[in-house]
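Here the structure is laid out as structure tokens; the discussion comes afterwards.
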Amino acid sequence: DIARLPPALHGDGLRLGQVLLNFVGNAVKFTERGAVVVRGYIVRQEADGLWVRLEVADTGIGLSREQQQCLFQAKRRKKKTKKGRDEQKKERENKRRTTKGKRNT
């Protein structure tokens with residue numbers, strides 16, 4: 001739903017493309033049923049440019065409040081041991097099973 005946007009905009013197209021591709025990719029990956037919608041619209045017009053808002057919405061599993069609060073913070077990586085990685089993998093698998101069970105009920 002981007003029909004009202006101009007056909008070309010000036011800005012960091014590479015960075016914007018990376019961000020949109022990441023958001024859309026995650027939306028598709030975590031949406032088993034439903035829809036993924038990309039919206040774009042003009043928020044404000046000024047003499048020397050436009051303010052544009054782009055949104056990606058989906059009907060996927062979503063993010064917890066904690067995940068939402070960390071979403072735009074710089075990532076800090078901890079050195080993980082093999083045991084730590086294995087435990088995280090098991091937690092993700094258990095979470096997926098639990099989520100799938102909830103959807104089917």
Handout entry: pair L54-L16: side-chain heavy atoms closer than 4.5 Å
Key = yes
Exercise for the section: Answer yes or no: is there a side-chain heavy-atom contact under 4.5 Å between F23 and E55? Expected result: no
Problem - Nearest heavy-atom neighbours spanning A57 and R39 - result: CB-NH1, 3.7 Å
Fill in the blank from the handout: Between Q68 and L63, the two heavy atoms sitting closest are NE2-O, 3.1 Å
Practice task
Go through the steps for Q45 and W51 under the test side-chain contact (heavy atoms from CB on, under 4.5 Å), then give the verdict.
Solution key: CA-CA 6 Å; Q45 275 188 290; W51 289 74; over 6 Å; no
Problem - V52 and L9: CA distance, side-chain angles, deciding distance, side-chain contact (heavy atoms from CB on, under 4.5 Å) verdict - result: CA-CA 9 Å; V52 176; L9 296 169; 4.1 Å; yes
Completion exercise
dist R53:CZ -> L5:CG (nearest 0.5 Å) comes out at 13.0 Å
Practice task
Examine distances only and state if a side-chain atom of Q69 and a backbone atom of E66 form a donor-acceptor pair shorter than 3.5 Å.
Solution key: no
Problem - Check: T59 side chain, T31 main-chain N or O, donor-acceptor pair, under 3.5 Å - result: no
Practice task
Go through D58 and V37 one step at a time and tell me if the side-chain contact (heavy atoms from CB on, under 4.5 Å) criterion holds.
Solution key: CA-CA 6 Å; D58 65 73; V37 178; over 6 Å; no
